[in-house]
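Per chain, numbering begins at 1; letters A, B, ... match sequence-line order.
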2 protein chains.
Amino acid sequence: MTAQRRAILEELRGTDAHPSATELYEMVRRRLPRISLGTVYRNLEIMSEEGLALKLEHAGAECRFDGNVAPHSHVRCLGCGRISDVPMDIPRELVAGAAKASGYRIAGCRLEFDGWCRKCGRKRRGRCGADGA
Amino acid sequence: MTAQRRAILEELRGTDAHPSATELYEMVRRRLPRISLGTVYRNLEIMSEEGLALKLEHAGAECRFDGNVAPHSHVRCLGCGRISDVPMDIPRELVAGAAKASGYRIAGCRLEFDGWCRKCGRKRRGRCGADGA
DNA sequence: CTCCTATTAGTAACCATTATCATTATTAAC
DNA sequence: GTTAATAATGATAATGGTTACTAATAGGAG
Ligand SMILES: [Mn+2]
Ligand SMILES: [Mn+2]
Ligand SMILES: [Zn+2]
Ligand SMILES: [Zn+2]
């Protein structure tokens, strides 16, 4: 394992912010100023194949990465873009229902939420007062 | 409503293949050979804002569009990339659970499945015989 | 018809991600 | 430790889906 890969993994494990490749690049650059963005992408790809990291291909946005490889879902804030964990199991019968309804053999599934984080929700209520303070 | 927009919407409503912008462009081009790809993108964007079409920003792939605006989920075949409908409701208590677990006010959610369509599943079983003929 | 505004076709720009490749680091063998 | 084989790196170019720009066109109100 190279110094670059180790640094990327350590930075990834040291945050719960689900950074993008570019953000991780900036983080690692503080330690290894000569690392290149391509190296970050390459190693994130390798580590997500090896199960050391999770590649979050959340719909309609750049990829983000997660050092927490336990299965869990995510919410994205519609205000600030932050992605937070949703520690929640997807009911088995939901997957079974999808298999039955579609005729596919289901191999995996993702549950993605959009919403408003506490900070953005507060700002929003303050601004329009429309949704039951 | 321009001829271009009408043609795009009609083509979209005439298929359940969830075409990409480029695929739709090829379809519409048979009727309006001088239409441009930019026009297709622009009108799909407008129509999805107006609720006439659905923009599917499926994780890690190009956008696809859906003329069926009723809420439903999708499966993507890991073999051929086809996207099929999964007529299924997302249980309310799942959303409530996510709100509680994350602290976000949930505004929407997507359930995406990956799997093997009947055709690709058959080919796959034929090739390796590993998963219960 | 004439003016006005919206829309179009064509093309350039954008930006996240991948590919390429000469150089450099790591590993294994001696 | 030296050497040879192999793998990874940094720098940069290429890719591909999407958006932005702009001059030309279409079409509706008066
Ligand atoms: Mn996470
Ligand atoms: Mn559909
Ligand atoms: Zn927020
Ligand atoms: Zn298939």
For the pair made of [atom1] in [X] and [atom2] in [N], what is the distance, rounded to whole Å?
{"X": "L37(A)", "N": "dA16(C)", "atom1": "CG", "atom2": "P", "answer": "10 Å"}
{"X": "Y25(B)", "N": "dT11(C)", "atom1": "OH", "atom2": "P", "answer": "11 Å"}
{"X": "E45(B)", "N": "dT7(C)", "atom1": "CD", "atom2": "P", "answer": "14 Å"}
{"X": "Y41(B)", "N": "dG10(C)", "atom1": "OH", "atom2": "C1'", "answer": "16 Å"}
{"X": "R64(B)", "N": "dT18(D)", "atom1": "CZ", "atom2": "P", "answer": "10 Å"}
{"X": "E26(A)", "N": "dA16(C)", "atom1": "CD", "atom2": "P", "answer": "12 Å"}
{"X": "E62(A)", "N": "dT19(D)", "atom1": "CD", "atom2": "C1'", "answer": "16 Å"}
{"X": "E23(B)", "N": "dT18(D)", "atom1": "CD", "atom2": "C1'", "answer": "15 Å"}

TODO: Hey, which sits more toward the 5' end of DNA chain D by its nearest nucleotide, T22(B) or A3(A)?
DONE: A3(A)
Open item on the list: Using a strict threshold of under 4.0 Å (side-chain N to carboxylate O), is an ion pair present between E11(B) and R30(B)?
Closed with: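 No, no charged N to carboxylate O under 4.0 Å.
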Task: Lys/Arg-Asp/Glu bridge criterion (N-O < 4.0 Å) met for R64(A), E23(A) - done: yes
Among [options], the nucleotide that comes nearest once only the side chain of [X] is considered:
{"X": "A21(A)", "options": "dT7(C), dG10(D), dT17(C)", "answer": "dT17(C)"}
{"X": "I35(B)", "options": "dA11(D), dA9(C), dT8(C)", "answer": "dA9(C)"}
{"X": "C63(B)", "options": "dG10(D), dT18(D), dT18(C)", "answer": "dT18(D)"}

Just N and O in the side chain of [X]: are any of them under 4.0 Å from OP1 or OP2 of [N]?
{"X": "Q4(B)", "N": "dA26(D)", "answer": "no"}
{"X": "R34(B)", "N": "dT8(C)", "answer": "no"}
{"X": "T2(B)", "N": "dT8(C)", "answer": "yes"}

- [ ] Please work out if R42(B) contacts a base, only the sugar-phosphate, or nothing of the nucleic acid, heavy-atom cut-off 4.0 Å.
- [x]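 Counting heavy atoms under 4.0 Å across all strands, the contact made by R42(B) includes a base.
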TODO: Quick one: label M1(A) by what it contacts on the DNA or RNA (base, sugar-phosphate, nothing), any heavy atom closer than 4.0 Å.
DONE: sugar-phosphate
Open item on the list: Between T39(A) and R42(A), do the side chains contain a donor N or O and an acceptor N or O under 3.5 Å apart?
Closed with: yes
TODO: Determine yes or no for a side-chain-to-main-chain donor-acceptor pair under 3.5 angstrom, with D89(B) supplying the side chain and P91(B) the backbone.
DONE: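 Such a contact is absent between D89(B) side chain and P91(B) backbone.
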Task: side-chain hydrogen bond (donor to acceptor under 3.5 Å, both in side chains) partner of H18(B), the single match among R82(B), R76(B), H74(B) - done: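 Among the candidates, only H74(B) passes.
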